[in-house]
Amino acid sequence: MLTVKQISKNYGSRTILSDVSFALGKGDKVALVGPNSVGKTTLLRIFAGIEEPDSGTVEIQKTTCIGYLEQDTSVMGTDTVLDYLKTISGIIELEKKLEDLSTQLANPKKAEEYGEAQEKYDHLDGYSFSHRAQIILSGFGFGESDMGRSVGDLSSGQKVKVSLAGILLKGVDLLLLDEPTNNLDLPSLIWLEDFLRNSEAVAIIVSHDRRFLDKVTRKIIEIDRNTKLVTVTGGKYSDYLEMSIKRLESAREAYRLQQEEIERLTEEVRKKKMEAERGSKWQGSDNDKFLRGFKRERAGRSGRRAKAIEKRIAQIEKV
C-alpha cells in the first residue's frame, strides 16, 4: 500500500527528515509520534502529495484514494452540508458526467468513459450516498435537519467534523489524520475509534490523545528529534510508552557508567601527566646520572601513556 524509501527533507540548513524508510500494508493503523516540530506534519504532507521530499521515493499504488485531514481545517462556502459532502467526495462531478455521457452511448469511446465513471460512482456507493452521509454525520452529533444547513453557519468544531466526514465518505484507502481529535466530543471520538478499527484503510494518525491512539493504533512510527530517523515498532501506544521509559532508563544508566569511566580515565591522565612533569624536572646530583636517565625515561612513558588515554577518551562514542 505505502512504501517509503530513504526520504529526506530539509528547510534551508535545517534537516527535518533523514533517510526515512518503512512500509505499511492494508489495514495498518499507525501512530506517528515525536516531539513538537520534529516533522510529523511534513511527513503527512509528503504522503498527501502537497510537498516533495528532497531525496528518496514514496511508492503508493496508483488506485489508492488518499484522504488528508490537516490540523487547521476550514470549511468555507454557502453550500448545504450534504452538497458540500457530495462535492468534495466527487459524487456531484460523477453524477454530472454520467448524465452528460448517457446520451452519447452510441459512441464506443463515450460508452467506455461512461463505464469508468459508473464504476467510480459504484465504488463511492453513490446511490446510497445521502444515507451514508447521514449515518456518519450522526456519529459526529449532527441531526437529519443539519444536512440542509449552510456550512458557513457551522461552528469551527462542526466544520472540522464535516471535513472529516467528507474524507471518510470518499472511500479512502490511505487516511492521513493530523490531530483529528482536537474538536471532537466524547461520543464523536468513540464513533471515530470504532470506524477506524473496522476500516480496511491504512491510517496514519498524529494525536496527543493517548487513549485514542491506544484504542486505534497497533503500530508506532517515531521520528527521533536528534537523528531525524524513524523507528517502527509494533504494539499499542501504551506498549510504546512503556518501552520508551525502559529505553530511557537504560540510556541513563549507560550514560552514568560511561561518565564514571571517563572520569576514571581523566584522573589517570592527570596522574600520568604529573608523573611525567616531575620526572622531566628531576635533577639530582652529578652522581645520579643513571637515576636521572631512568626517571626521564619513565616520565616519557607516562607522557605517552597520558596521550594514549586522552586519544581513547576522544574516541569514545558518547551516550
Side-chain angles (χ1 to χ4, degrees), residues 32 36 40-51 64-100 117 120-196 199 201 203-209 212 216:
L32 180 58
N36 290 337
K40 300 187 293 293
T41 294
T42 298
L43 194 56
L44 292 184
R45 288 173 64 84
I46 289 174
F47 296 158
I50 299 172
E51 295 193 31
T64 299
C65 179
I66 301 173
Y68 176 39
L69 180 72
E70 301 183 67
Q71 279 194 46
D72 300 318
T73 300
S74 182
V75 179
M76 305 296 289
T78 58
D79 285 345
T80 65
V81 170
L82 180 59
D83 285 343
Y84 171 82
L85 294 176
K86 282 187 172 182
T87 299
I88 65 171
S89 64
I91 287 291
I92 285 182
E93 181 182 354
L94 285 171
E95 287 179 341
K96 185 176 185 306
K97 190 171 186 178
L98 287 170
E99 183 179 353
D100 292 343
K120 291 180 182 178
Y121 192 74
D122 292 339
H123 176 71
L124 292 174
D125 204 4
Y127 295 108
S128 62
F129 183 86
S130 297
H131 177 65
R132 290 196 303 116
Q134 185 176 333
I135 291 174
I136 289 181
L137 286 174
S138 67
F140 290 141
F142 288 85
E144 187 174 353
S145 61
D146 291 320
M147 302 278 280
R149 290 178 61 186
S150 168
V151 294
D153 295 335
L154 301 178
S155 67
S156 58
Q158 288 175 321
K159 288 179 179 180
V160 172
K161 291 178 181 179
V162 170
S163 180
L164 181 54
I167 291 172
L168 300 181
L169 282 163
K170 287 171 65 177
V172 294
D173 305 299
L174 175 60
L175 270 169
L176 309 171
L177 304 177
D178 200 349
E179 298 291 356
T181 62
N182 281 356
N183 291 282
L184 299 184
D185 50 28
L186 185 57
S188 300
L189 198 58
I190 293 172
W191 184 91
L192 182 59
E193 288 172 3
D194 289 338
F195 180 92
L196 291 174
S199 170
I204 304 176
I205 305 166
V206 175
S207 176
H208 287 92
D209 190 325
F212 177 78
V216 174

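Computed over heavy atoms, backbone and side chain alike; hydrogens, waters and symmetry mates excluded. Keep in mind that what you see is a predicted model, and the values were worked out from it rather than measured.
Residues L168 and F140 have side chains in contact (heavy-atom distance under 4.5 Å, counting atoms from C-beta outward). Side-chain contact between Q158 and F142 is present, with at least one heavy-atom pair separated by less than 4.5 Å. A heavy-atom distance below 4.5 Å is not found between the side chains of L85 and R132. Counting only heavy atoms from C-beta outward, the side chains of L164 and L177 approach each other to under 4.5 Å. Between V160 and N182, every side-chain heavy-atom pair lies at or beyond the 4.5 Å cut-off. Side-chain contact between I92 and F129 is absent, with no heavy atoms from C-beta onward closer than 4.5 Å. Between L169 and I91, every side-chain heavy-atom pair lies at or beyond the 4.5 Å cut-off. Between D209 and L189 there is a side-chain heavy-atom pair separated by less than 4.5 Å.
D146 places a side-chain N or O within 3.5 Å of a backbone atom of G143 that can act as its donor or acceptor partner. Of the possible donor and acceptor atoms, none in the side chain of E93 sits under 3.5 Å from a partner among the backbone N and O of G90. A distance-only check finds no donor-acceptor pair linking the side chain of S199 to the backbone of F195 [under 3.5 Å].
In plain terms, the two heavy atoms of I167 and V172 that are nearest each other are O-CG1, 3.5 Å. Pairing each heavy atom of S207 with each of E179, the nearest pair is CA-OE1, 3.4 Å. Across all their heavy atoms, S130 and L82 have their closest contact at OG-CD2, 3.8 Å. Across every non-hydrogen atom of Y68 and A48, the tightest pair is CD2-CB, 3.8 Å. Of all non-hydrogen atoms in V151 and K159, the two that sit nearest each other are O-CE, 3.3 Å. Of all non-hydrogen atoms in M147 and Q134, the two that sit nearest each other are CE-N, 3.9 Å.
In E51, the CD atom is crowded: over 12 heavy atoms of neighbouring residues, nucleotides or ligands sit closer than 6.0 Å.
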**Asked** For I204 and L43, what are the C-alpha separation, side-chain angles and deciding distance, and is it a side-chain contact (heavy atoms from CB on, under 4.5 Å)?
**Response** CA-CA 10 Å; I204 304 176; L43 194 56; over 6 Å; no

Checklist line | Verdict with supporting geometry, D178 and T41, side-chain hydrogen bond (donor to acceptor under 3.5 Å, both in side chains) | finding: CA-CA 7 Å; D178 200 349; T41 294; 2.7 Å; yes

**OP:** Show your working on side-chain contact (heavy atoms from CB on, under 4.5 Å) between L192 and F212 and close with a plain yes or no.
**Re:** CA-CA 9 Å; L192 182 59; F212 177 78; 4.0 Å; yes

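Here D125 contributes atom CG and S89 contributes atom OG; the two are 11.0 Å apart, rounded to the nearest 0.5 Å. Separation of atoms NZ (K161) and OG (S156) is listed at 10.5 Å; rounding is to 0.5 Å. The CG atom of L184 lies 11.0 Å from the CD1 atom of I190; values are rounded to the nearest 0.5 Å. Here L44 contributes atom CG and I205 contributes atom CD1; the two are 10.5 Å apart, rounded to the nearest 0.5 Å. Rounded to the nearest 0.5 Å, atoms CD (E95) and CG (D100) are 12.0 Å apart. Distance check, rounded to the nearest 0.5 Å: CH2 of W191 to CG of D185 gives 12.5 Å.
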